[in-house]
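Here's the structure we're looking at; comments come further down.
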Amino acid sequence: MPEDEKRSLNFIESIIEEDLRNGKNEGRVHTRFPPEPNGYLHIGHAKSICLNFGIAQQYAGKCNLRFDDTNPETEDTEYVESIMEDVRWLGFQWDKEPYYASDYFGQLYEWAVMLIKKGLAYVDDQPQEAISQQRGVPTRPGTESPFRNRTVEENLRLFEGMKNGEYEEGSRVLRAKIDMSSPNMHMRDPILYRILKKEHHRTGNKWVIYPMYDYAHGQSDYLEGITHSLCTLEFEVHRPLYDWFLDQIIESDYRPRQIEFARLNLSYTVMSKRKLLQLVQQGLVNGWDDPRMPTIAGMRRRGYTPASIRNFADRIGVAKRDNVIDVSLLEFSVREDLNKIAPRVMAVLDPVELVITNYPEAVTEMVSLENNPEDPEAGSREVPFSRRLYIERDDFMTDPPAKFFRLGPGREVRLKGAYIVKCESYETDADGRVSRILCTYDADTRSGTGTKQPKVKGTLHWVDAASALDAEVRLYDRLFMDEDPAGHKDRDFLEFLNPDSLKVLKGCKIEPSLSSVMPGDKFQFQRVGYFCVDPDSTPGLPVFNRTVALKDEWSKIKEKHS
RNA sequence: UGCCCGAUGGUGUAAUUGGCAACACGUCUGACUCUGGAUCAGAAAAGUCUAGGUUCGACCCCUAGUCGGGCAACCA
């Protein structure tokens, strides 16, 4: 993207620039990324992370990482660890140490006492069902709780009792006294505190009452000096409440502002934490970091780079309308980045033997290959070449059509970095499958030699049979076969799982330069795709994950003619 | 029968605030290529949800609809 041109602003940037012009909040810009530590981060969170940290960078501001840990039932330190790792991996640095909503439990409690004293909050002794029933429905006003008009003293006493663990879980709640007939359901005396006798991952057993999201979020923003609190659209109807709580505590000109944007949807995938958790728990994928998962951890393992995800986030933009981003845009973003940085190597996924009958038996010569034609700095390497090679089974047809620029009886191709060979014949096994291709080569056609080179249509990748290493390769395809697996009213998203989302290839042959790869290493398997070394690799057997295939003209041609 | 959002090529996002629709992905040509990759050149594709109104002029403002999404957890 051209940095020099003035990029048009998205609606959030416009708001911020206007706030800046108006001198709001002393010209500060301070955002925050507020995940709940109850699951792994996914590509949708990446959008939010890039937005929040990106805005802070753009306006010389700050961005906090804040764990929104007000519900001890689902939250865990395992998740806070993974979230910190993911944010860092994406390339962002939060201001100071991570913050936790649980750090504010004391202050929040005091503010609740203050609300009670102002007559703006009360303890409700009713069971959940009664409260829920009295809330009414969106089209009909609710009715007031019989406990709504308790005295301040009684409320104070009961709330303290709640805090001291004197009552059973679920027996009482603290509610704000706002308006039971509000057209906005969230303003119908929302619950501020509930009794939860659960151990919290940070505060342990200190508290048995926990604040609700609405009662904690705006205040947390306020305490941290957040100026622009960016969240997703479903919180739009919460904003009046957000502002109501702020109104009760604000003492100066500074005021955080909630702005909502549309969450990311990606075609052929699901994005809800609940559904992702289900995939993991039912063993339909191999954990949160399964390379088919849209989690940051999964994408990292798949071979995505932080830059590719940041570029993707840039390109999709930010707006308020619902959107479904085509996965091809994500794929474009990885290819674009990997094309620049991934060393090229030769690997044959589905090998078939090729013998050069006129090549001397006992000779192995080294041929030189560029590591990355896109990067002159990347240098070159030497790869062994001899009489017996492997090529890709796909690169040979016994009766090829004209458009097939590869090998077939009587046809000539270049072996990348080596010689031009001509197919003289082939052998088949008992099943009629090609088992060996017999070629002759022209010794004058060695790559890099000055002699005039005949033009051939195709160039194939290959590996030398004698020195090739074995590898396992895992090919991933989309996890779902439906564009919007979660979008069907009466069908479960699991019905759309792609049974072929993972193909494991054994006996793949790779060039010997790959003898000591490390997990996370990324390569372009020439003419095939981008691959990343998986942590499952062992010293004798590297395992590669296909990040994304190369664009493939031939497959399009093939499809058209079938 | 409520309240809150939103609507621009297949997809996403723009249009410097009222000057006659641009960029990216995708698609399709062609060039180039020792990766059918990359790169380069080009094309098709929306007349901006509908109907009125204001205006010399509307994607932009007004009115009324239509369609889509969200809101009734002691979740976030």
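Heavy atoms only: backbone and side chains are in, while hydrogens, waters and symmetry mates are out. Chain A is the first sequence line, chain B the second, and so forth, proteins listed ahead of strands; every chain is numbered from 1.
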*asked:* So A:Tyr210, base contact, sugar-phosphate only, or nothing? Heavy-atom distance under 4.0 Å.
replied: nothing
*Out of A:Thr269, A:Leu266, A:Val548, A:Ile325, which one pairs with A:Leu330 under the side-chain contact (heavy atoms from CB on, under 4.5 Å) rule?*
A:Leu266
*A:Val456 near the nucleic acid: base, sugar-phosphate alone, or nothing, with a heavy-atom cut-off under 4.0 Å?*
nothing
*What class does the angle between the rings of A:Phe159 and A:Tyr109 fall in, given that below 30° is parallel, 30 to 60° is tilted and above 60° is perpendicular?*
parallel
*P atom, B:C23 versus B:C40: distance in rounded Å?*
15 Å
*Give the C-alpha distance, both sets of side-chain angles, the deciding distance and a yes or no for side chain to side chain contact (heavy atoms under 4.5 Å, CB included) between A:Tyr242 and A:Asp221.*
CA-CA 10 Å; A:Tyr242 179 98; A:Asp221 285 341; 2.7 Å; yes
*Between A:Ile195 and A:Lys320, which has a closest nucleotide on RNA chain B that is more 5'?*
A:Lys320
*Taking the side chain of A:Met212 as its heavy atoms from C-beta onward, which of B:A14, B:A76, B:C71 lies nearest to it?*
B:A76
_Among B:G12, B:A15, B:G6, the one nearest A:Arg321 by side-chain distance_ = B:G6
*Closest to the A:Glu234 side chain: B:U8, B:C4, B:A76?*
B:A76
*asked:* When you measure from the side-chain N and O atoms of A:Lys556 to the phosphate of B:C28, is any distance below 4.0 Å, counting only OP1 and OP2?
replied: yes
*With the threshold set at 4.0 Å, does a side-chain nitrogen-carboxylate oxygen contact exist between A:Glu365 and A:Arg446?*
yes
*Do A:His238 and B:A76 share a donor-acceptor pair, side chain to base, under 3.5 Å?*
yes
_Residue that, paired with A:Arg202, satisfies side-chain contact (heavy atoms from CB on, under 4.5 Å) out of A:Asp103, A:Thr77, A:Val80_ = A:Asp103
*Please measure how far the C1' atom in B:C49 lies from the corresponding atom in B:U8, and state the result in whole Å.*
10 Å
*Using the C1' atom on both, measure B:C71 against B:G57 and round to a whole Å.*
41 Å
*Ignoring hydrogens and angles, are the base of B:U35 and the side chain of A:Gln524 linked by a donor-acceptor pair under 3.5 Å?*
yes
*Any idea which of B:U13, B:G36, B:C25 is nearest the A:Ser328 side chain?*
B:C25
*Mapping A:Val237 and A:Val173 onto RNA chain B by nearest heavy atom, which one lands closer to the 5' end?*
A:Val237
_Between P of B:A38 and CD of A:Glu370, the distance in whole Å_ = 17 Å
*State whether the distance check finds a donor on one side and an acceptor on the other, under 3.5 Å, for side chain A:Arg406 versus base B:G36.*
yes
*asked:* Testing the 3.5 Å rule here: is there a donor-acceptor pair between the side chains of A:Ser182 and A:Asn184?
replied: no
*Measure from the side-chain heavy atoms of A:Glu36 and tell me the nearest of B:C28, B:C75, B:G37.*
B:C75
*What class does the angle between the rings of A:Phe385 and A:Trp462 fall in, given that below 30° is parallel, 30 to 60° is tilted and above 60° is perpendicular?*
perpendicular
*Please work out whether the ring planes of A:Phe493 and A:Phe480 are parallel, tilted or perpendicular, with thresholds of 30° and 60°.*
tilted
*Out of B:U35, B:C3, B:C4, which has the shortest distance to the side chain of A:Lys416?*
B:U35
*Which whole number of Å gives the distance between the P atom of B:A24 and that of B:G42?*
12 Å
*Could you work out which one of B:A76, B:C25, B:A72 sits closest to the side chain of A:Pro138?*
B:A72
*Is the closest side-chain donor-acceptor distance between A:Glu36 and A:Tyr79 under 3.5 Å?*
no
*Would you classify A:Gly458 as touching base, sugar-phosphate or nothing, given that sugar-phosphate means primed atoms plus P, OP1 and OP2, and contacts are heavy atoms under 4.0 Å?*
nothing
_The side chain of A:Asp68 is closest to which nucleotide in this list: B:G2, B:U8, B:A76?_
B:A76
*asked:* What contact category does A:Gln526 fall into here, base, sugar-phosphate, or nothing, at under 4.0 angstrom with non-hydrogen atoms?
replied: base
*Let me see the working for A:Ile296 and A:His45 under side chain to side chain contact (heavy atoms under 4.5 Å, CB included), right down to the final yes or no.*
CA-CA 9 Å; A:Ile296 308 288; A:His45 295 110; 5.7 Å; no
*base_contact_polar (B:G26 base, A:Glu331 side chain, donor-acceptor, <3.5 Å)*: no
*Once the angle between the rings of A:His200 and A:Phe105 is folded into 0 to 90°, is it parallel (under 30°), tilted (30 to 60°) or perpendicular (over 60°)?*
perpendicular
*For A:Arg527 and B:G37, is the shortest distance between a side-chain N/O and OP1 or OP2 below 4.0 Å?*
no
*Any ion pair linking A:Arg527 and A:Glu392 (charged N to carboxylate O, less than 4.0 Å)?*
no
*Sugar-phosphate, base or nothing in reach of A:Asn10, heavy atoms under 4.0 Å*: sugar-phosphate
*With a centroid cutoff of 5.5 Å and a plane-angle limit of 30°, would you call A:Phe332 stacked on B:G26?*
no
_Nearest-nucleotide pick for A:Arg135, side chain only, options being B:C75, B:G36, B:A73_ = B:A73
*Base versus backbone protein contacts along nucleotides 45-50 of chain B [heavy-atom cut-off under 4.0 Å; B, S, -]*: ------
*Assigned glycosidic conformation for B:G68 [threshold 90° from 0]*: anti
*Taking the side chain of A:Lys560 as heavy atoms from C-beta outward, which of B:U29, B:U35, B:A14 is closest to it?*
B:U29
*A:Phe525 and A:Phe531 aromatic ring geometry - parallel, tilted or perpendicular at 30°/60° bounds*: parallel
_Syn or anti for B:U17? Use the chi torsion, O4'-C1'-N9-C4 for purines and O4'-C1'-N1-C2 for pyrimidines, with syn inside 90° of 0._
syn
*Rounded off to whole Å, could you give me the NZ-to-P distance for the A:Lys403 and B:U29 pair?*
8 Å
*For RNA chain B, what dot-bracket results from Watson-Crick or G-U pairs at under 3.5 Å, with [ ] for crossers and | for inter-strand partners?*
.((((((..((((.....[..)))).(((((.......))))).....(((((..]....))))))))))).....
*Could you tell me whether the phosphate oxygens of B:C75, OP1 or OP2, come under 4.0 Å of any side-chain nitrogen or oxygen in A:Arg194?*
yes
_Euclidean distance for C1', B:A21 against B:G12 (whole angstrom)_ = 16 Å
_So A:Ile316, base contact, sugar-phosphate only, or nothing? Heavy-atom distance under 4.0 Å._
sugar-phosphate
*Pick the C1' atom in B:G70 and in B:A76, then give their distance to the nearest Å.*
15 Å
*asked:* Say we look at B:A38 and B:C25: how far apart would their P atoms be, to the nearest angstrom?
replied: 11 Å
